[in-house]
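See below for the structure under consideration.
Chain naming here is simple, since letters A, B, ... match the order of the sequence lines and numbering starts at 1 in each.
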Amino acid sequence: MSAKIKRQMLFIFCGGGKILDSLLEIDNLRTQFFTSGGTVMAVDGVSYDVQEGETVAVVGESGCGKSVTALSIMRLIPDPPGKTVGGRIRFMGKDLLSLDDESMRQIRGRNIAMVFQEPMTSLNPVLTIGRQISETLETHLGISEEEQQKRAEELLDMVGIADGKRRLKQYPHHLSGGMRQRVMIALALACEPKLIIADEPTTALDVTIQAQILELMKDLTHRLGVALIVITHNLGVVARYANKVNVMYAGKIVEKGTAHQVYYNPRHPYTLGLLSSVPRMDQARGQKLVPIFGQPPDLTRLGVECAFRPRCRFAIDRCSREIPPLENFADGQQAACWRMHEIDDLKKETL
Amino acid sequence: MFRYIVKRILLVIPTLLGAAVLVFLLLRMIPGDICELKLAGTGGYFDKEALAICQKELGLGRPLLVQFFEWIWGVMRFDFGVSMWTNRPIIEEIGLRFQLSLEIALLATFSATLIAISLGVTSAIKQDTWIDYLVRLFSIAGIAMPSFWLGILIILGLLISTQAWFGEPWMMPIEYTPIWVDPIANLSQVIWPALATGYRYSAVATRMTRSAMLEVLREDYIRTARAKGLLEKVIINRHALKNALLPVITVIGIEFAFLMGGLVVTEQVFNLNGLGKLFVGSVSNNDYTMTQALVMLVALIFVATNLVVDILYAWLDPRIRYN
Ligand SMILES: Nc1ncnc2c1ncn2[C@@H]1O[C@H](COP(=O)(O)OP(=O)(O)OP(=O)(O)O)[C@@H](O)[C@H]1O
Ligand SMILES: [Mg+2]
């Protein structure tokens, strides 16, 4: 039975109404940093959903607010200087932004887990791997020490670390970067969360290891039915692993859709730029890679123009006067560009 | 770990030997002669013959190399000889004074460490709140105030307040009583200098704890610990403090060693007959044997404190332990 029919049936059985909530719904999220240089609009009205078990990618250049979005979901924005000033985050029916600290703590690591970019510094150097895994189990599941030990070994085995018993007694500095990232994944999976947020989980690793880690994450999330938000610079990753994609620019989502839509039929000049700046499999060999010229804008000084305009090859007058809203293009695909319907022609002209 | 400790202990030997050579040579380069001082002390005039006899008695005329090896040979058997000035065995002279200095240093260290860690951590967690400002004020005042000056304030305070409350001024005892003989007499003497030196000490250590804690709290692994949903007290005590303690331990060690050998002025203020006073006396008397013994003692204390600090480091930080 396809998932669609299943949903339809559930819908009917339960007598309609909005029962099929998404696992995570982010609605108009706004997070800012109040610094001496001004207010940084790091996340400025971001909305997206994550369904149970699906993989959603968030892509965009450095500094566009990907990590801040993720940390806002976890409510781990350092305050001061940061603060989530608006929006709503619903997770498993709960409004995360209005939860008290203790309830939020119980969700972290238990229902939403996170894998960070820097495996070399994300583990505590003075605690054993075993301790760092078992303390999560102890906090959230309250199981006995023997069970913790057994579960920890099982987790290491799951993420492909052999000889778990010995590894658990070791310290992070005994492990390579790739191994540490595996440990981070084991940590994330420890309490069987509903959602894992992976913030550039492979950026710091070398290329051969990157593929292994991504495969591992894909395999495990599929097998265990865990939803995954994967943050990345790399559109190749998106095409291969994600169901849906959100393209971010200057704190906003400028394009969203299925991986297929965004990859093969981009509507926003920024997405187009991203795609032509990385090599792709479906391209003729020898085709030139074109970097996006210019710099991302200063997030403390966003005017009333499209933030991408200064770097856009297709900009028109209107772009400097009105910020384009995120609008539907086709079934599920949305883009924030005044010229999203003309993109195909524009693309041909410039080639 | 065992090999690490053995290696560190073996390194102590060349350090002490170096200190021995240095003090031996430097002392003999200082102008002045203990015999001249001794003889002149009785009348301002001395005759050459008496001087020669005195120097012969003390063995000062012999070749330096002979003197040196004789001394080192004694040191290796824990025989430091007699003081050239008082003719009493050095071990005896140092004994009680060492106890006094050690007690003050331990008392100061203990209380300073307790205060520093609790205040430093609280201040870091509550950064930029009034608690933090209060703690910072406390520690800046402590660093700015020399301990002998605080000592003078304490004595004045004691005299004035006892005068006001009991009608007659009370002063701490001058004679040192070991704690197991009479704890009350002992503490009523020792607690004041410990307070005076301990304040500065805790101020330095508080600042260190605070800044180390602030730095550690920004580390990625603390964010990971938060993302795991650990309780805040576990994050502070298990994840942050253990990392932040490393630099604090160093500061505590240095300060402790300093208290053992360098409390000259504070001892003067409290009229204490401790190691510092003995040190100054023996140097100005050109009392070679006593000064040498004291320098070796202080060097040993420094080296031993360093060793303890290093072992604590290795115990706290596996990266050191396994290298
Ligand atoms: N603690 C902070 N204080 C001030 N500004 C911050 C802070 N953290 C993030 N920002 C700002 O928020 C914006 C978004 O940062 P974010 O870390 O989300 O970028 P990113 O998309 O994750 O980039 P990268 O790919 O480099 O990780 C940046 O402009 C950054 O300067
Ligand atoms: Mg980031």
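Around atom CZ of A/Phe34, more than 12 heavy atoms belonging to other residues, nucleotides or ligands sit under 6.0 Å away. For A/Arg108, the CZ atom is densely surrounded, since the number of other residues' heavy atoms within 6.0 Å is greater than 12. In the displayed structure, A/Glu145 atom CD is contacted under 6.0 Å by at most 12 heavy atoms of other residues, nucleotides or ligands.
With hydrogens and angles ignored, the 3.5 Å screen pairs no side-chain donor or acceptor of B/Lys242 with any backbone N or O of A/Leu127. Under a 3.5 Å cut-off, the side chain of A/Arg105 and the backbone N or O of B/Gly229 do form a donor-acceptor pair.
The structure places CG of B/Leu231 at 9.0 Å from CD of A/Gln106, a figure rounded to the nearest 0.5 Å. Going from atom CD of A/Gln132 over to atom CZ of B/Arg238 covers 10.0 Å, rounded to the nearest 0.5 Å. One distance of note links NZ of B/Lys228 with CG of A/Leu137; it measures 9.5 Å at 0.5 Å rounding.
Minimum interatomic distance between A/Pro125 and B/Pro318 (heavy atoms only, all atoms of both residues): O-CG, 3.2 Å.
Counting heavy atoms from C-beta outward, A/Glu118 and B/Arg223 have side chains that stay 4.5 Å or more apart. Taking the side chain as every heavy atom from C-beta outward, B/Thr224 and A/Asn124 never approach each other to under 4.5 Å.
Only the backbone of B/Leu316 comes within contact range of chain A, with at least one heavy atom under 4.5 Å from a heavy atom of that chain. No part of B/Ile222 comes within reach of chain A, as not one of its non-hydrogen atoms sits under 4.5 angstrom from that chain. Within the 4.5 angstrom heavy-atom criterion, no atom of A/Met120 approaches chain B. Residue contact with chain B, scored on non-hydrogen atoms closer than 4.5 Å, involves the side chain of A/Leu71 exclusively. With a threshold of 4.5 angstrom between heavy atoms, A/Gln117 does not approach chain B through any atom at all. Contacts between A/Arg131 and chain B at a heavy-atom distance below 4.5 Å involve the side chain alone, from C-beta outward.
The choice from A/Leu187, A/Asp101, A/Leu76, A/Val126 that makes the most heavy-atom pairs within less than 4.5 Å of chain B is A/Val126. No other option in A/Met74, A/Glu135, A/His140 has as many heavy-atom pairs under 4.5 Å with chain B as A/Glu135.
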